[in-house]
Amino acid sequence: MKKYYLTVMMGLLCMFALAACNADEDTDNDEPAEEAQSQESEENETEAEETGDNAEETESDSDLITESEFGDQLDLQIGDTGQVQTNLDAFEVTLESVRKETELDGEPAELDFFLIADITLTNISDDVIDADSAKGTLEMTGMLDGSGFSDLSEHGYEGIEGVEGELAPGESAEGQFVVQIMESDEYYMRIIGGLIAAGGVLNDVRWTFTENEIE
């Protein structure tokens, strides 16, 4: 009888051991499946984020202006107004007058002299624009085929006020555009060529004036 009970108990122990082994195998089999599912979920989230980013970039690119409302204006003179079209907005620049000084605030020009242009900048787009950014599209030079000089009005020269601040649609601002420059027969205020080449500005605008026209 004891042998009978012992045999039954041994049988039950074997059954429990087999059941435990099967449970472990099921757990092991579930883990790779769970890992695969988690990895697939992460990949889907990444793809969704990339799709969202691409959609935002496409939407942002679609906001850029690609064609100018204005043609090139290359024969402007002192007193004339030029219309500038960038890939974001549009504005007008009027070259009111130009004078020269050999020094400002007691500081002599490192080149031949300073040119100080009085300009008026007007927002002709439908959105607010930054006047300083608009002015930053301009340069002055004495060599048509050479490089130009950017505005120095931010250096805080006494009596010099740069064009800055935000301009609402239709709003204008007046100020000075200051450069140091070499003496020349003709001088030019123009759009920076690199901005046109890069598509940041969509039309070319240039003012020409001579020594005799400078005050």
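Everything numeric in this text was worked out from a predicted model, so none of it was measured.
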Student: Should D89 and D127 count as side-chain neighbours, where that means a heavy-atom distance under 4.5 Å?
Tutor: no
Student: So, do D151 and L138 sit near enough that their side-chain heavy atoms are less than 4.5 Å apart?
Tutor: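 In short, these two side chains do not touch, never coming nearer than 4.5 Å.
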Student: Hey, could you give me the CD/OG1 distance between Q77 and T210, rounded to the nearest 0.5 Å?
Tutor: 9.0 Å
Student: Would you say that more than 12 heavy atoms from the other residues, nucleotides or ligands in this model lie under 6.0 Å from the CD of E161, or not?
Tutor: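 Open.
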Student: Mind checking whether F209 and Y187 have parallel, tilted or perpendicular rings, split at 30° and 60°?
Tutor: parallel
Student: So does G142 get a backbone contact from the side chain of S184, meaning a donor-acceptor N/O pair under 3.5 Å?
Tutor: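 Yes, because the side chain of S184 sits within donor-acceptor range (under 3.5 Å) of the backbone of G142.
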Student: I'd like to know if the side chain of N203 reaches the main chain of G71, judged simply by a donor and an acceptor atom lying under 3.5 Å from each other, with no hydrogens or angles considered.
Tutor: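 Between the backbone of G71 and the side chain of N203 there is a qualifying donor-acceptor contact (under 3.5 Å).
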Student: Is it true that, when you exclude E166 itself, more than 12 heavy atoms of the residues, nucleotides or ligands shown sit nearer than 6.0 Å to its CD?
Tutor: no
Student: For F149, what residues pass the ring pair (Phe, Tyr, Trp, His ring centres under 6.0 Å) criterion, not counting sequence neighbours?
Tutor: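 In terms of ring pair (Phe, Tyr, Trp, His ring centres under 6.0 Å), with neighbours along the sequence ignored, F149 is linked to no residue.
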Student: Taking V98 as the starting point, is it possible to reach L111 by hopping between hydrophobic residues whose side chains are less than 4.5 Å apart?
Tutor: yes
Student: L76 versus L95: any side-chain heavy-atom pair under 4.5 Å?
Tutor: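 The answer is no, as the side chains (C-beta and beyond) never meet within the 4.5 Å cut-off.
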Student: I'd like to know whether CG of D105 has more than 12 heavy-atom contacts from other residues, nucleotides or ligands below 6.0 angstrom.
Tutor: yes
Student: If Ile, Leu, Val, Met, Phe, Trp and Tyr residues are connected whenever their side-chain heavy atoms lie under 4.5 Å apart, and connections chain through other members, are V201 and Y188 in the same group?
Tutor: no
Student: Determine whether a donor-acceptor pair (N or O, by modelled atom type, separation under 3.5 Å) exists between the side chain of N123 and the backbone of E171.
Tutor: no
Student: Applying side-chain contact (heavy atoms from CB on, under 4.5 Å), name anything that partners T94, two or more places apart in sequence or on another chain.
Tutor: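 Partners of T94 by the side-chain contact (heavy atoms from CB on, under 4.5 Å) criterion, ordered by chain and then number, come out as T81, E96, T120.
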Student: Shortest non-hydrogen contact from L121 to A134?
Tutor: CD1-CB, 3.7 Å
Student: How many angstroms lie between atom CD of E213 and atom OG of S97, to the nearest 0.5 angstrom?
Tutor: 12.0 Å
Student: Give the other cluster members for I116, using side-chain heavy-atom distances under 4.5 Å between Ile, Leu, Val, Met, Phe, Trp and Tyr residues; answer none if it is isolated.
Tutor: L104, F114, L152, Y157, I160, V178
Student: Got a second to check how far D185's CG is from E211's CD, nearest 0.5 Å?
Tutor: 9.0 Å
Student: Would you please test V93 and V205 for side-chain contact (heavy atoms from CB on, under 4.5 Å) and show each step?
Tutor: CA-CA 10 Å; V93 179; V205 182; over 6 Å; no
Student: Name all residues meeting the salt bridge (charged side-chain N to carboxylate O under 4.0 Å, His left out) criterion together with D132; count only those two or more places apart in sequence or in a different chain, and write none if there are none.
Tutor: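 Partners of D132 under the salt bridge (charged side-chain N to carboxylate O under 4.0 Å, His left out) test: K135.
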Student: Is E174 close to D118 at the side-chain level, that is, under 4.5 Å between some pair of heavy atoms?
Tutor: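 No, their side chains stay 4.5 Å or more apart.
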Student: Side-chain heavy atoms under 4.5 angstrom apart, residues restricted to Ile, Leu, Val, Met, Phe, Trp, Tyr: same cluster for L74 and I192?
Tutor: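 Looking at the clustering, I192 is in a separate group from L74.
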Student: Without swapping roles, check the side chain of R190 against the backbone of T141 for a donor-acceptor pair under 3.5 Å.
Tutor: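 Not confirmed, R190 side chain does not pair with T141 backbone.
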Student: Membership question, hydrophobic clusters at under 4.5 Å side-chain separation (ILVMFWY): are F177 and M182 in the same one?
Tutor: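 In one cluster with M182: F177, yes.
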Student: Is there a donor-acceptor pair under 3.5 Å between the side chain of N87 and the backbone N or O of L64?
Tutor: no
Student: Answer yes if I196 and M140 sit in the same cluster of Ile, Leu, Val, Met, Phe, Trp and Tyr residues linked by side chain heavy atoms under 4.5 Å apart, and no otherwise.
Tutor: yes
Student: Do M189 and I119 have side-chain heavy atoms sitting under 4.5 Å apart?
Tutor: yes
Student: Can you sort out the partners of I124 under side-chain contact (heavy atoms from CB on, under 4.5 Å), two or more places apart, ordered by chain and number?
Tutor: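 In terms of side-chain contact (heavy atoms from CB on, under 4.5 Å), with neighbours along the sequence ignored, I124 is linked to F70, Q83, A90, E92, T122.
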Student: Could you give all pairs that pass the ring pair (Phe, Tyr, Trp, His ring centres under 6.0 Å) test and reach residues 74-110, with sequence neighbours left out?
Tutor: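 Applying ring pair (Phe, Tyr, Trp, His ring centres under 6.0 Å) to every pair that reaches into residues 74-110, excluding sequence neighbours, yields nothing.
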Student: Hey, could you give me the CD1/CG distance between I191 and D204, rounded to the nearest 0.5 Å?
Tutor: 7.0 Å
